[in-house]
Amino acid sequence: MQVTLMKGKIHRAQVTEADLHYEGSISIDRNLIEAARFFINERVDIYNIDTGARFSTYVIEAPAGSGVIGLNGAAARLALTGDKVIIVAYANFDSDEARTFKPSIVLVDERNRRVNSTLPPAAASLTHEGV
């Protein structure tokens, strides 16, 4: 049996830009991508805390340390600059893996800088490519 679990999330990030005319995606500060253990081009769900909107797109990299959370293309219609969002990636696991898997949870401050992360002990030493 396969089960879908949250693999990682960035909690309460603030949208810093919205570009309707850019090819669709979400731009995320590289430091946050690594902390949440996301992959470039990975599908993520976005939950807009301010409006209740829920939608999916894929991850592209913004410069490390920039604090950028940018919605591009059609997604730019679903959140405004300043809105708080939760960004979540999911993965499929077999039932044995699911019992022991621990997701990466990244909390950020008002400038989208990581203030806390919950990483499984083994994952804390992995590089992003090792995930």
Side-chain angles (χ1 to χ4, degrees):
M1 170 178 63
Q2 291 281 302
V3 62
T4 303
L5 301 178
M6 179 182 70
K7 181 186 86 150
K9 81 172 177 174
I10 301 170
H11 192 72
R12 296 185 62 84
Q14 185 167 297
V15 175
T16 60
E17 52 193 51
D19 185 353
L20 183 62
H21 301 291
Y22 187 88
E23 188 176 326
S25 58
I26 184 168
S27 306
I28 302 174
D29 178 315
R30 178 65 188 189
N31 293 340
L32 298 177
I33 290 172
E34 289 178 0
R37 297 191 301 158
F38 293 164
F39 291 97
I40 304 304
N41 296 314
E42 182 173 13
R43 178 185 172 163
V44 290
D45 289 343
I46 314 298
Y47 307 123
N48 187 326
I49 295 168
D50 293 304
T51 68
R54 295 170 158 253
F55 54 96
S56 299
T57 190
Y58 60 93
V59 173
I60 64 172
E61 181 178 339
S66 66
V68 167
I69 299 292
L71 293 170
N72 304 306
R77 294 240 186 237
L78 299 171
L80 300 173
T81 300
D83 282 359
K84 295 283 188 184
V85 294
I86 301 168
I87 307 162
V88 183
Y90 298 91
N92 293 321
F93 298 88
D94 66 36
S95 56
D96 289 334
E97 289 175 307
R99 284 181 178 76
T100 60
F101 179 77
K102 302 288 187 229
S104 298
I105 300 171
V106 180
L107 305 178
V108 297
D109 66 12
E110 67 282 347
R111 294 178 55 208
N112 294 331
R113 293 177 302 196
R114 183 176 67 175
V115 294
N116 192 13
S117 306
T118 304
L119 288 173
S125 63
L126 291 177
T127 64
H128 182 63
E129 291 75 29
V131 175

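It should be emphasised that the depicted structure is a prediction, and the values quoted were computed from it without experimental measurement.
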Practice task
Please name the pair of heavy atoms, one in A13 and one in N112, separated by the smallest distance, quoted to 0.1 Å.
Solution key: CA-OD1, 3.4 Å
Fill in the blank from the handout: Rounded to the nearest 0.5 angstrom, the CE-CZ distance for M6 and F101 is 8.0 Å
Problem - Minimum side-chain heavy-atom gap I60-Y22 below 4.5 Å - result: yes
Exercise for the section: Over all heavy atoms of both residues, which pair between T81 and E17 is shortest? Give the atoms and the distance, please. Expected result: OG1-CA, 3.8 Å
Problem - Taking every non-hydrogen atom, the tightest pair across I10 and A36 - result: CG1-CB, 3.8 Å
Practice task
Please check if I87 and V68 belong to a single hydrophobic cluster, counting links between Ile, Leu, Val, Met, Phe, Trp and Tyr side chain heavy atoms closer than 4.5 Å.
Solution key: no
Practice task
Decide yes or no for I40 and R30: does some side-chain heavy atom of the first lie under 4.5 Å from some side-chain heavy atom of the second?
Solution key: yes
Fill in the blank from the handout: Tightest non-hydrogen contact, residues I86 and V88, listed as CG2-CG2, 3.6 Å
Practice task
Drop me the distance from N92's CG to M1's CE, to the nearest 0.5 angstrom.
Solution key: 12.0 Å
Handout entry: Point-to-point distance, once rounded to the nearest 0.5 Å, from CD of E23 to OH of Y58
Key = 4.5 Å
Problem - Rounded distance [0.5 Å steps], CD1 in I49 versus CG in D83 - result: 9.5 Å
Exercise for the section: Using a 4.5 Å cut-off on heavy atoms from C-beta on, say whether the side chain of Q2 contacts that of D94. Expected result: yes
Practice task
Return yes when atom CZ of R113 has more than 12 non-hydrogen atoms of other residues, nucleotides or ligands closer than 6.0 Å, and no otherwise.
Solution key: yes
Handout entry: Gap between atom CG of L20 and atom CG of L71 - 0.5 Å precision
Key = 11.0 Å
Exercise for the section: Flag the pair R114 / L32 as yes when at least one side-chain heavy-atom distance between them is below 4.5 Å, and no otherwise. Expected result: yes
Problem - Heavy-atom closest contact (K102 atom, R37 atom, distance) - result: O-NH2, 3.4 Å
Practice task
Decide whether V115 and I105 are clustered together by the hydrophobic rule: side chain heavy atoms of Ile, Leu, Val, Met, Phe, Trp, Tyr closer than 4.5 Å, transitively.
Solution key: yes
Fill in the blank from the handout: Nearest heavy-atom contact between S66 and A62 is OG-CB, 4.0 Å
Exercise for the section: Treat each ILVMFWY residue as a node, draw an edge where side-chain heavy atoms are under 4.5 Å apart, and state whether L80 and Y47 are in one component. Expected result: no
Practice task
Kindly determine whether L78 and N48 satisfy side chain to side chain contact (heavy atoms under 4.5 Å, CB included), including the steps that lead there.
Solution key: CA-CA 8 Å; L78 299 171; N48 187 326; 5.9 Å; no
Practice task
In sequence, state the C-alpha distance, the side-chain angles, and the governing distance for K7 and V44, and then conclude on side chain to side chain contact (heavy atoms under 4.5 Å, CB included).
Solution key: CA-CA 10 Å; K7 181 186 86 150; V44 290; over 6 Å; no
Problem - Atom pair NE2/CG of H21 and N72 - distance to nearest 0.5 Å - result: 12.0 Å
